Number of protein chains: 2
Amino acid sequence: MSDLLERLRARGWRMTSQRRVVAEVLAGEHVHLTADEVHARAVARLPEIARATVYNTLGELVAIGEVVELSTDGRAKRYDPNAHHAHQHLVCSNCGLIRDVHPTGDPLTVLPPEERFGFTVSKADVTYRGLCPACA
Amino acid sequence: MSDLLERLRARGWRMTSQRRVVAEVLAGEHVHLTADEVHARAVARLPEIARATVYNTLGELVAIGEVVELSTDGRAKRYDPNAHHAHQHLVCSNCGLIRDVHPTGDPLTVLPPEERFGFTVSKADVTYRGLCPACA
DNA sequence: TTCTTGACTTGGACTCTGTCCATCGTAGGA
DNA sequence: TCCTACGATGGACAGAGTCCAAGTCAAGAA
C-alpha cells in the first residue's frame, strides 16, 4: 500500500491528504468498491473530502493504470486495485458478489483474424456469470 | 421480425401497438441501440409512445431472453436483438463501434474448477477491445 | 356486437451516478 | 517564509433509469 503511495510520488503526484486517503482506502482491501463506497470510507478518515475529489482521484488512478475500472451490471462502476496481475471477474447474478479469477490461456487467441474485422484488438474483458455458493 | 411478434403472442403477450413498434424497431436492424435510440425510432412510428413504456418493454424482452442487454462502456445499456446465436462483442475504444464476433471454442471451459470458488457458472460475456479500422 | 376487466401505457417526479466549474486552499519549490 | 500553480470544494447540472397514480384499451365473455 505504501507501495502505491511511493509510485504516485515517483510520478510527480502532489501528495495531498485527500489523495493519500483515497489510495489507502483502495489499497487496504482487495474488494471492488463503487466510487460512492470509496467516498464513504474516505469520509471516515477525512470528513471534509468531497465527492468530486474522489471521482477525480479515481479517474487519475485509472488513467495511469494503477486501478482497473469495471462495470459488471450497468450501474455504478467499480474500482479494482488489483491492476498489476491480469485477471478476469466472476460475478454472482443474484447478489452481485465479485471475485477475481484466472482463466487458463490468453482470451485474445480464440478470436480468429477473420473475426476481427480489421480491428487492432488489444485486450479482452471476460465476465463469468453464475450463482455464488450462498445464492445457489 | 414477424417471427418475434409470433413468439411474443405465443407467450400470451397482450399485443399493443407500443409493444409491436418496439419489437419492430429491434428486429428491423441488427445494431446495438440504447433505450433512448429505441425510443427515438419508436416515436417516429408512434409519436405518443412514452419512454417508460420503451424501458418496460425492453426489460420484458430481456427477461424472456429475446434480447440481450449489454453495457460495454458503463454509460447507457445497449440492446442486442441477436439473442438466438451465441456471440461476443468487439468494441472500438475510441468511437464505441460494436461488432458481433464469434470466438472459437467455449469461453467457459478455460475457467478451471479451482477458479470457480463454488459458483455455478452459467455463462461468460467477453468484450474484446481495440481500435476499429477507421480509428486506428 | 357490446361489455368488462385487469393488464398496459402515460408522463411527470424522483433517484442514482457522474461531470462541470468558479472559487478557495495548500504542497512544495525558490 | 513566501509564491503560485495544482488540487480540493460544493453546489449546480446532466444523463440514464425507475416509480407511481391515473387513465386507456386488448381481448375474452356474454
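In what follows, every chain begins at residue 1, and chains take the letters A, B, ... in the order their sequences are listed. No hydrogens, no waters, no symmetry mates; every other heavy atom, side chains included, goes into these values. In this text, all values refer to a predicted model and were calculated from it rather than measured experimentally.
Between A/His87 and the options A/His85, A/His89, A/His84, a ring-ring contact (aromatic ring centres under 6.0 Å, His included) holds for only A/His89.
Under 4.0 angstrom from either OP1 or OP2 of C/dG18 there lies at least one side-chain N or O belonging to A/Tyr55.
In this entry the distance linking NE2 of A/His39 with P of D/dA8 reads 12 Å, nearest Å. Atom P of nucleotide D/dA16 and atom CG of A/Asp73 are separated by 16 Å, given to the nearest angstrom. With rounding to whole Å, B/Arg20 atom CZ is found 14 Å from D/dC25 atom P. The separation between A/Glu69 atom CD and C/dT17 atom C1' is 12 Å, rounded to whole Å. Counting to the nearest Å, the P atom of D/dA8 and the CG atom of A/Leu46 are 10 Å from each other. The separation between A/Glu48 atom CD and D/dG7 atom P is 19 Å, rounded to whole Å. When the C1' atom of D/dA16 is taken as reference, atom CG of B/Leu58 falls 13 Å away, rounded to whole Å. For the pair A/Glu37 CD and C/dT17 P, the interatomic distance rounds to 9 Å; values are reported in whole Å.
A side-chain donor-acceptor contact under 3.5 Å links A/Arg19 to the backbone of A/Arg14. Under the 3.5 Å distance criterion, the side-chain polar atoms of B/Ser71 are left unmatched by any main-chain donor or acceptor of B/Gly74.
Here the side chain of A/Ala50 is nearest to one of D/dG10, C/dT10, C/dG18, namely D/dG10.
With hydrogens and angles ignored, a donor-acceptor pair closer than 3.5 Å exists between the side chain of A/Arg51 and the base of C/dG18. Between the base of C/dA7 and the side chain of B/Arg14 there is a donor-acceptor pair shorter than 3.5 Å.
The nearest heavy atom of DNA chain C to B/Ile49 and to A/Lys77 marks one nucleotide each, and the one closer to the 5' end goes with B/Ile49. If you find the closest nucleotide of DNA chain C to B/Gln18 and to A/Met15, the one lying nearer the 5' end belongs to B/Gln18. Of the two residues contacting DNA chain D, namely B/Ala76 and B/Arg9, the nearest-nucleotide position lying further toward the 5' end is that of B/Ala76.
At a threshold of 4.0 Å, the pair B/Glu115-A/Arg99 does not count as salt-bridged, since none of the basic side-chain nitrogens sits closer than that to a carboxylate oxygen. Classification of A/Arg78 and A/Asp80 as a salt-bridged pair fails, no side-chain N sitting under 4.0 Å from a carboxylate O.
Within the 4.0 angstrom heavy-atom criterion, only backbone atoms of the sugar-phosphate kind lie near A/Thr16; the bases stay farther away. Base engagement by A/Ala52 is indicated by at least one non-hydrogen atom pair under 4.0 Å involving a base atom.
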